[in-house]
Amino acid sequence: MKNLILILLFGATAACTTQAHDSATPPVKDGAPPVVALQPGATVSEIKRLIGTPTCTDNAQCRSLPVGALACGGPQEYLPYSTAKTDEKALLALAERSKTERQAEIQRTGEMSICIHRPDPGAVCAANTCQLGSGSPAT
């Protein structure tokens with residue numbers, strides 16, 4: 001009887017194996033067109049490089065930037081930046097690109113996630129550096 005149970009368990013686990021795939025290449029959703037893979041996080045790295053250290057002298061110079069996208073909608077994260085130090089037009093264009101890239105990746109891979117609402121925390125000037133706030137965004 002024990003041998004029969006072991007054989008059945010072995011057979012069941014063997015039937016559940018999956019085909020190996022390259023972990024560097026995410027799975028592609030059926031019917032999705034092939035896409036040239038982008039370097040993961042390249043746009044976000046460029047955003048962070050452009051922001052640098054977001055120095056400020058008052059709250060009016062600080063903003064929060066939505067970056068990336070979640071499968072259920074909304075940004076992956078917010079980053080604080082300083083209008084006194086950063087090329088805001090270039091930064092907003094990069095943020096839009098990060099959103100578009102993530103949305104394409106989500107569509108291509110069929111990624112799913114829990115639906116959570118991440119409100120914009122805004123940004124404040126503290127110790128001469130823009131930092132994420134905890135309430136409504138700065139205007």
Side-chain angles (χ1 to χ4, degrees):
M1 183 68 175
K2 286 183 182 180
N3 288 341
L4 180 59
I5 292 173
L6 288 174
I7 291 171
L8 289 174
L9 277 173
F10 179 74
T13 57
C16 292
T17 60
T18 60
Q19 183 177 7
H21 69 278
D22 180 3
S23 62
T25 306
V28 176
K29 186 176 179 182
D30 289 340
V35 178
V36 175
L38 301 170
Q39 180 180 353
T43 302
V44 175
S45 294
E46 181 63 15
I47 289 170
K48 289 178 180 179
R49 186 200 63 74
L50 187 59
I51 290 173
T53 301
T55 57
C56 58
T57 55
D58 64 57
N59 286 340
Q61 297 172 323
C62 297
R63 303 276 188 278
S64 55
L65 181 72
V67 177
L70 295 172
C72 207
Q76 283 178 286
E77 65 179 321
Y78 289 91
L79 297 174
Y81 71 96
S82 171
T83 58
K85 183 177 189 268
T86 306
D87 178 352
E88 193 170 23
K89 185 175 178 180
L91 188 62
L92 294 174
L94 282 171
E96 187 61 32
R97 186 169 88 191
S98 78
K99 176 182 176 183
T100 302
E101 289 171 355
R102 272 293 294 146
Q103 287 173 331
E105 180 181 3
I106 290 165
Q107 180 66 33
R108 181 174 50 82
T109 63
E111 180 180 318
M112 296 172 59
S113 69
I114 60 169
C115 294
I116 58 172
H117 175 66
R118 289 189 174 154
D120 185 339
V124 295
C125 185
N128 295 323
T129 304
C130 293
Q131 300 174 16
L132 292 179
S134 58
S136 60
T139 56

Is there side-chain contact between [X] and [Y], with heavy atoms separated by less than 4.5 Å?
X: T55; Y: N128; result: no
X: V44; Y: Q76; result: no
X: R118; Y: L70; result: yes

For [X] against [Y], the heavy-atom pair lying closest together:
X: K85; Y: G52; result: NZ-CA, 4.1 Å
X: I47; Y: V67; result: CD1-CG1, 4.2 Å
X: C130; Y: Q61; result: SG-O, 4.0 Å
X: L65; Y: L92; result: CD1-CD2, 3.7 Å
X: L132; Y: S64; result: CD2-CB, 4.1 Å
X: G68; Y: S98; result: N-OG, 3.0 Å

When rounded to the nearest 0.5 angstrom, what distance separates [atom1] in [X] from [atom2] in [Y]?
X: C56; Y: Q131; atom1: SG; atom2: CD; result: 8.0 Å
X: T86; Y: L94; atom1: OG1; atom2: CG; result: 11.0 Å
X: E96; Y: E101; atom1: CD; atom2: CD; result: 11.0 Å
X: E46; Y: L91; atom1: CD; atom2: CG; result: 10.0 Å

Self-check item: Side-chain donor/acceptor of N59 to backbone N/O of C125, under 3.5 Å
Solution: yes

Exercise. Apply side chain to side chain donor-acceptor pair (under 3.5 Å) to T53 and list each qualifying residue two or more places apart in sequence or on a separate chain.
Key: none

